[in-house]
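Below: the structure, in structure tokens.
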Amino acid sequence: MSQPSKPRILTGDTPTGKLHLGHYVGSVENRLALQDSCECYFIIANKHAFTTRSDRPEEIRQSVIEIATDYLACGIDPDRSNMFIQSEVPAIDELTFFFAMLLPFNRVMRNPTLKDEIRDKGLGDEYPFGFPLYAVGQTADILAFRPEMVPVGEDQLPHLEMTREVARRFDQLYCGVDPHTDDKDYVKAGGLFPVIQPKLGRVKRLVGTGGPGPDGNLLKMSKSLNNAIFLSDDADTVHRKVMGMYTDPKRIRATDPGEADPEKNPLWAFHETFNPDKAWVAEMQEAYRRGKVGDVAIKKRLVEVLNALLEPIRQRRRQYEQRPDDVLDALRKGTIQANRLAEETLALAKQALRQDYFGRTLTMK
């Protein structure tokens with residue numbers, strides 16, 4: 001079994017379009033920060049996109065390229081990190097089947113993230129069998145690379161908990177690990193799969209630019225909800241989206257303190273997240289509470305802050321858009337390395353399962 005020279009991480013995205021600010025603070029920032037200190041694998045989970053868009057394969061293909069371009073534009077370095085395409089790593093599918101035998105169906109369907117997606121996407125009872133299967137597939141996406149840590153947004157924690165359950169169950173059942181073993185010691189105790197640890201972004205859940213959902217709570221940023229600011233949005237688009245942002249409709253413009261509550265206005269969530277001038281934010285929040293400053297001034301400043309953050313990303317993205325072969329080369333390089341590791345994991349899993357009849361070699365062009 002190969003041992004990484006530094007901690008290994010795995011995370012990624014389902015290609016449903018371009019990346020937005022919620023992705024950036026939820027996970028991408030952590031990926032950029034960990035490129036030197038960790039062995040990094042970043043999966044573009046295109047097969048999971050088929051769970052709700054199987055009739056749009058060309059759209060999924062384009063989304064894969066868009067996300068890979070966003071990765072590179074943000075600063076993911078293919079010489080330091082491995083970005084790869086899920087469907088080009090067949091070992092993941094084989095592991096998915098074996099892992100599916102370790103999870104009761106009712107356990108999968110109790111996954112709150114899965115239930116939320118069924119509700120938010122209005123799927124009702126009309127989703128394919130592959131939709132709940134993707135929750136199992138995510139455990140294979142992760143464990144195929146035997147990472148120690150998975151940088152994710154808060155909404156993905158239920159999927160990670162299922163992954164931890166699968167790792168424990170496999171190691172106990174097929175590797176003889178004592179169930180009383182501490183999670184951090186499973187591999188030392190003879191297990192194949194580490195019981196992974198999540199690493200949350202500095203913002204667990206970035207709200208979107210639109211209003212609240214049916215329950216009255218502000219909805220998280222999401223392309224499907226049409227409330228997202230994308231990393232690739234030009235300056236004029238950022239201006240339009242910010243100036244049209246939902247703000248607290250019940251705000252009372254008065255001089256008495258406490259009548260305006262920043263917690264009910266998503267503008268402040270954005271300033272607290274992205275504005276580096278913390279003194280300005282604190283001063284303006286107090287002025288807002290006292291009715292001394294209006295939404296327009298706060299929005300205009302937010303436009304400046306976001307465009308300052310996004311302009312270097314936009315510039316790099318334009319360069320990669322002019323060199324599409326560089327994007328494919330980066331994906332090919334990462335996918336080759338991902339296959340090397342995933343094939344090793346599959347071979348070790350089959351040994352533990354006593355299903356290692358013949359060797360095999362996987363080649364990529």
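Residues forming a salt bridge (Lys or Arg N to Asp or Glu O under 4.0 Å) with Glu321 (at least two apart in sequence, or on another chain): Arg317. Among residues two or more places apart in sequence or in another chain, the side-chain hydrogen bond (donor to acceptor under 3.5 Å, both in side chains) test is passed with Asp36 by Arg80. Not a single salt bridge (Lys or Arg N to Asp or Glu O under 4.0 Å) links Arg61 to another residue, sequence neighbours left out. Evaluation of the side chain to side chain contact (heavy atoms under 4.5 Å, CB included) rule for Ser222 yields Ser224, Leu225, Asn227 as partners, not counting sequence neighbours. Under the salt bridge (Lys or Arg N to Asp or Glu O under 4.0 Å) criterion, Lys299 pairs with no residue at all, not counting sequence neighbours. For Glu165, the side-chain hydrogen bond (donor to acceptor under 3.5 Å, both in side chains) partners two or more places apart in sequence, or in a different chain, are Arg107. Under the side chain to side chain contact (heavy atoms under 4.5 Å, CB included) criterion, Ala352 pairs with Phe170, Tyr174, Cys175, sequence neighbours left out. Judged as a salt bridge (Lys or Arg N to Asp or Glu O under 4.0 Å), and not counting sequence neighbours, Lys199 has no contacts.
Two residues are said to be in side-chain contact when any heavy atoms from C-beta on lie closer than 4.5 Å; Trp268 and Ile298 meet this criterion. No side-chain heavy atom of Leu310 sits less than 4.5 Å from a side-chain heavy atom of Phe230. For the pair Asp141/His48, a side-chain contact is recorded, criterion being any heavy-atom separation below 4.5 Å from C-beta on. Looking only at side-chain heavy atoms (C-beta outward), Thr16 and Arg53 come within less than 4.5 Å of each other. In this structure the side chain of Gln138 never reaches within 4.5 angstrom of the side chain of Thr163, judged on heavy atoms. In this structure, the side chains of His20 and Ile229 stay at 4.5 Å or more apart for every pair of heavy atoms. Contact of the Val28 side chain with the Phe42 side chain is not registered, since no non-hydrogen atoms from C-beta on lie closer than 4.5 Å. Contact of the Pro132 side chain with the Leu114 side chain is registered, since non-hydrogen atoms from C-beta on lie closer than 4.5 Å.
Note on ring orientation: taking the six-membered ring where Trp is involved, the planes of Trp280 and His271 are tilted (angle from 30° to 60°).
Rounding to the nearest 0.5 Å gives a distance of 7.5 Å between CD of Gln172 and OG1 of Thr181. Here the CD1-CG distance, from Ile196 to Leu10, works out to 9.0 Å after rounding to the nearest 0.5 Å. Within the model, atoms CD of Gln35 and CD1 of Ile9 stand 8.5 Å from one another, a figure rounded to the nearest 0.5 Å. Rounded to the nearest 0.5 angstrom, Thr69 OG1 and Asp326 CG are separated by 10.0 Å. If you take CZ on Arg8 and CE on Met149, they are separated by 12.5 Å, rounding to the nearest 0.5 Å.
Sorted by first then second residue, the side-chain hydrogen bond (donor to acceptor under 3.5 Å, both in side chains) pairs that include residues 90-103, not counting sequence neighbours, are Lys47-Asp93, Glu94-Lys350, Glu94-Arg360. Legend: salt bridge (Lys or Arg N to Asp or Glu O under 4.0 Å) pairs involving residues 9-26, not counting sequence neighbours, sorted by first then second residue: Asp13-Arg31. Sorted by first and then second residue, the pairs that involve residues 88-112 and meet ring pair (Phe, Tyr, Trp, His ring centres under 6.0 Å), not counting sequence neighbours, are Phe99-Phe193. Judged as a salt bridge (Lys or Arg N to Asp or Glu O under 4.0 Å), the pairs with a partner in residues 222-237 (not counting sequence neighbours) are, in order, Asp233-Lys241.
Of all the heavy atoms in Pro266 and Tyr246, the pair that sits closest is CG-O, 3.1 Å. Considering all non-hydrogen atoms of both residues, Val150 and Ile142 come closest at CG2-CG2, 3.9 Å. Here the closest heavy-atom approach between residue Cys38 and residue Lys6 is recorded as O-CE, 3.6 Å.
A salt bridge does not link Lys300 to Glu304: none of the charged nitrogens lies less than 4.0 Å from a carboxylate oxygen. Contact check on Arg168 versus Glu161 returns a salt bridge, with a Lys/Arg side-chain nitrogen under 4.0 Å from an Asp/Glu carboxylate oxygen.
Between Phe274 and Tyr24, the ring center distance fails the sub-6.0 Å criterion.
Side-chain atoms of Thr51 never come within 3.5 Å of backbone atoms of Phe131 as a donor-acceptor pair (strictly under, hydrogens ignored). Using a distance-only test at 3.5 Å, with no hydrogens or angles considered, a donor-acceptor pair links the side chain of Thr335 to the main chain of Ile85.
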Exercise. Between Tyr71 and His23, is a ring-ring contact (aromatic ring centres under 6.0 Å, His included) present by the stated rule, with each step listed?
Worked result: CA-CA 11 Å; Tyr71 283 176; His23 296 121; 9.6 Å; no
Problem set entry | Derivation of the ring-ring contact (aromatic ring centres under 6.0 Å, His included) call for Phe145 and Phe84 | CA-CA 12 Å; Phe145 303 93; Phe84 66 96; 5.0 Å; yes
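Gln62 and Glu58 share no side-chain donor-acceptor pair at under 3.5 Å. Side-chain contact of Tyr357 with Gln355: a donor-acceptor pair under 3.5 Å is present, judged by distance alone. No hydrogens or angles considered: a donor-acceptor pair under 3.5 Å links the side chains of Arg340 and Gln337.
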